[in-house]
Amino acid sequence: GVMVNFMVAVDGSQHADRAFYLALRMVQPGRKDHLFVVTVSRLLEKNKFLDEETREEQNRKVVYQARELLGKYEAQCQRTQVPYTCLARAGKPRYELMRLVDEMHVHYLVLGTRGLGMTKRVFLGSVSDYMVKHAKCSILVAK
């Protein structure tokens, strides 16, 4: 059969977990499907009210949390033996997701209805609305 690429955006929220489990159920290893598990972190921009050292330390923390978060999803993927790739990106979630959908030739993007996750800088929500309107692939919103 034809290989299908699924991508799920996660942020540690219950909404994202629902999306993740939905994506896991959709993937059919017999069909050579692939699951991309993505988290996008909002990093602090340079600004004059924030000294550089604090900014870098905060951003390191955000990146570390994102990796830790992906580790949890990765463990689940390994358990179910689904072919997967975990990706941690930094930037504006909507733009990073748009780029990844193109780069990874994603057929289905699976999203939660909303979620503010473990840090306020890793999130879905308005992102879901944006992706439904603008992404080239089909979108599955997990309820």
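Just so it is clear, the values below take in all heavy atoms, side chains as well, and ignore hydrogens, waters and symmetry mates.
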Discussion item. Would you say that Leu87 contacts Met104 through its side chain, given a criterion of any heavy-atom pair below 4.5 Å between the two side chains?
Written reply: yes
Worksheet item: Considering residues, nucleotides and ligands other than Gln78, do more than 12 of their heavy atoms fall under 6.0 Å from its CD?
Response: yes
Item to complete: Nearest 0.5 Å please: distance from the CG atom of Leu97 over to the OG1 atom of Thr39.
Response: 9.5 Å
Worksheet item: What are the two closest non-hydrogen atoms of Cys137 and Val106, and how far apart are they?
Response: CB-O, 3.3 Å
Worksheet entry | Under 3.5 Å donor-acceptor, Asn59 side chain and Leu43 backbone | no
Worksheet item: Can Arg55 and Glu52 be said to form a side chain to side chain contact (heavy atoms under 4.5 Å, CB included), step by step?
Response: CA-CA 5 Å; Arg55 185 180 79 92; Glu52 198 49 23; 2.8 Å; yes
Item to complete: Would you please name every residue forming a side-chain contact (heavy atoms from CB on, under 4.5 Å) with Ala142, sequence neighbours left out?
Response: Arg18, Ala19, Leu22
Worksheet item: Is the number of heavy atoms from other residues, nucleotides or ligands within 6.0 Å of CD (Gln81) greater than 12?
Response: no
Discussion item. Before you tell me yes or no, could you show the steps for Phe20 and Val110 under side chain to side chain contact (heavy atoms under 4.5 Å, CB included), namely the whole-Å CA-CA distance, both residues' side-chain angles and the distance that decides it to 0.1 Å?
Written reply: CA-CA 7 Å; Phe20 175 75; Val110 188; over 6 Å; no
Worksheet item: Can you tell me how far OG1 of Thr80 sits from CZ of Arg25, rounded to the nearest 0.5 angstrom?
Response: 12.0 Å
Worksheet entry | Pair Phe6-Tyr84, side chain to side chain contact (heavy atoms under 4.5 Å, CB included): steps then yes or no | CA-CA 9 Å; Phe6 292 89; Tyr84 71 93; over 6 Å; no
Worksheet item: Between Glu57 and Arg60, does at least one N-O distance fall below 4.0 Å, as a salt bridge requires?
Response: no
Worksheet item: Quick one: are Val4 and Arg31 in side-chain contact, heavy atoms under 4.5 Å?
Response: yes
Response to the item:
Minimal heavy-atom distance between His107 and Met3, with the atoms involved, is CE1-O, 3.5 Å
Practice prompt. To the nearest 0.5 angstrom, please state how far the CG atom of Leu100 sits from the CE atom of Met7.
Written response: 4.5 Å
Response to the item:
On a heavy-atom basis, the closest approach of Ala16 and Val10 is CB-CA, 3.8 Å
Discussion item. Could you check whether atom CD of Glu45 has more than 12 heavy atoms from other residues, nucleotides or ligands sitting under 6.0 Å from it?
Written reply: no
Item to complete: Could you check if a side-chain atom of Leu111 sits within less than 4.5 angstrom of a side-chain atom of Ile139, using non-hydrogen atoms only?
Response: yes
